[in-house]
There are 2 protein chains.
Amino acid sequence: MIDNMILGFLFKKAMSGYEIKQMMGMSTGYFIDASYGSIYPALKKLEDQGLITAAETVENGKFKKIYTINQAGKAVFLRWLSGPIPLPRRGLEHLLRLFFFGLLPIEQVKELIQNLLADLKAAQAATEGLEPLIKDKADFFEFATQQFGKDFYRFMIQWYQDFLERLEDRV
Amino acid sequence: MIDNMILGFLFKKAMSGYEIKQMMGMSTGYFIDASYGSIYPALKKLEDQGLITAAETVENGKFKKIYTINQAGKAVFLRWLSGPIPLPRRGLEHLLRLFFFGLLPIEQVKELIQNLLADLKAAQAATEGLEPLIKDKADFFEFATQQFGKDFYRFMIQWYQDFLERLEDRV
DNA sequence: TACGCCATGTAAATTGTTACATGATTCC
DNA sequence: GGAATCATGTAACAATTTACATGGCGTA
């Protein structure tokens, strides 16, 4: 997964591991945000597999390794990109919590959901805050990904707000 | 994660590992469906930790281990259940695909999304098919979890259908 | 001079999947 | 008699996170 994400970023532009992480933070960050502990080993592995090549440079005294994707790497990436799109699975841990909330006092459940709503609104605001940063750089699909984030958070907030109301109306 | 899911199921009713998997299949299955390869080792671990106890029985010649949660196990589970609800992360791999679709011919993208839509509709139908099975057994929250699934699939289908239209209107 | 950011990397631990191995019962 | 289902478990592998380790640059 992370391998393909890296190949995808390098497809667009040659970059260092550090830069890849920055790019992720301002684009895919709200749904996938890999750590350096997975990025650097993945880069090494991809280099060993002959899919990317590294150029070591020194800029302003800072040691940097700029990775470039080659034809083999592009082929691997496009094969992955052409496969069937998987349905969303896992990452929906909140549902596991919801599923068992019958075991908790109702007042505590309400509080937990109100906290979730606050977190969702903060995440929504953060995603919207990123929009101006990418607006001129992003292509149609990158922009759509960002849009999905906004729409998804709106859906989640709406759903849990409705749910809270249903919870009140109960009994 | 799987540990807490197991504790939760055992909280409701003493069960075997096999039964836990069946229960998951007809309730949390659409967002979490653990394999036996994770369930059985988890049960063993929880027993070692003194959170559940096993009773070995033979029913109709079939060897069974029925697990029961104890007070310590209930305490651990309720502590987990009372923690803040995490925001949805990962499991949204389709977004990573969408993000890079600018690198693919537009016709191929349309086809991939149409296939995704078909899969989403099948998953939606499957979730709805489960509804009558759980209707009388499920409590308010279990039922809501199922509802979320339906609403979530509806949201996804609507979003990608709109997106396809925007894709057509482009250029 | 100390803090924050730039920049790369390793090691241990965690969490889970897939594939394999075994064997009984039930239904056709 | 054979397939599907019931039922438990192990071993190898995969993917990733956290914490650690290192060091230079810019700036207040």
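Put simply, CD on Q22(B) is 9 Å from C1' on dT5(D), counting in whole angstrom units. Residue M5(A) contributes atom CE, which lies 11 Å from atom C1' of dT16(D) at whole-angstrom precision. Protein atom CE of M15(A) is 17 Å distant from nucleotide atom C1' of dT8(C), rounded to whole Å. Rounded to whole Å, atom P of dT17(D) lies 10 Å from atom CD1 of I32(A). Between D33(B) atom CG and dT18(C) atom C1' the separation is 14 Å, expressed in whole Å. Put simply, CD1 on I20(A) is 13 Å from C1' on dT8(C), counting in whole angstrom units.
With Y18(B) as the aromatic partner, K64(B) does not meet the cation-pi criteria of under 6.0 angstrom to the ring centre and within 45 degrees of the ring axis. Under a cutoff of 6.0 Å and an axis angle of 45°, K21(B) and Y36(B) form a cation-pi pair. Geometrically, R97(A) engages W80(B) in a cation-pi contact defined by less than 6.0 Å to the ring centre and at most 45° from the axis. With F11(A) as the aromatic partner, K74(A) meets the cation-pi criteria of under 6.0 angstrom to the ring centre and within 45 degrees of the ring axis.
The pair D48(A)-K45(A) does not meet the salt-bridge criterion, since no charged nitrogen lies less than 4.0 angstrom from a carboxylate oxygen. Using a cutoff of 4.0 Å between basic side-chain nitrogens and carboxylate oxygens, K137(B) and E142(B) are not scored as salt-bridged.
Side-chain nitrogen and oxygen atoms of S35(A) include none within less than 4.0 Å of the OP1 or OP2 phosphate oxygen of dT16(D).
Side-chain contact annotation: Q108(B) with S82(A), donor-acceptor N/O pair under 3.5 Å present.
The distance between the ring centers of F99(B) and F9(A) falls below 6.0 angstrom. In summary, the aromatic rings of F155(A) and F148(B) are positioned with their centroids under 6.0 Å apart.
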Which pairs, protein N/O on one side and nucleotides 8-15 of chain D N/O on the other, fall under 3.5 Å?
from	atom 1	to	atom 2	distance (Å)
dT8(D)	OP1	K65(B)	N	3.1
dT8(D)	OP2	Y18(B)	N	2.8
dT8(D)	OP2	Y40(B)	OH	2.8
dT8(D)	O5'	Y40(B)	OH	3.3
dG9(D)	OP1	K65(B)	NZ	3.0
dT10(D)	OP1	K44(B)	NZ	3.0

Exercise. Passes side-chain hydrogen bond (donor to acceptor under 3.5 Å, both in side chains), T53(B) versus E47(B)? Steps please.
Worked result: CA-CA 6 Å; T53(B) 55; E47(B) 197 187 358; over 6 Å; no
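Axis angle between the ends of the helix from dT1(C)-dA28(D) to dC28(C)-dG1(D), five pairs each and rounded to 10 degrees, works out to 20°.
The side-chain heavy atoms of F100(B) and L78(A), taken from C-beta on, include no pair separated by under 4.5 Å.
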Seminar exercise, completed: Per-nt protein contacts along nucleotides 20-28 of chain D (heavy atom under 4.0 Å; B base, S backbone sugar-phosphate only, - none) come out as ----SS---
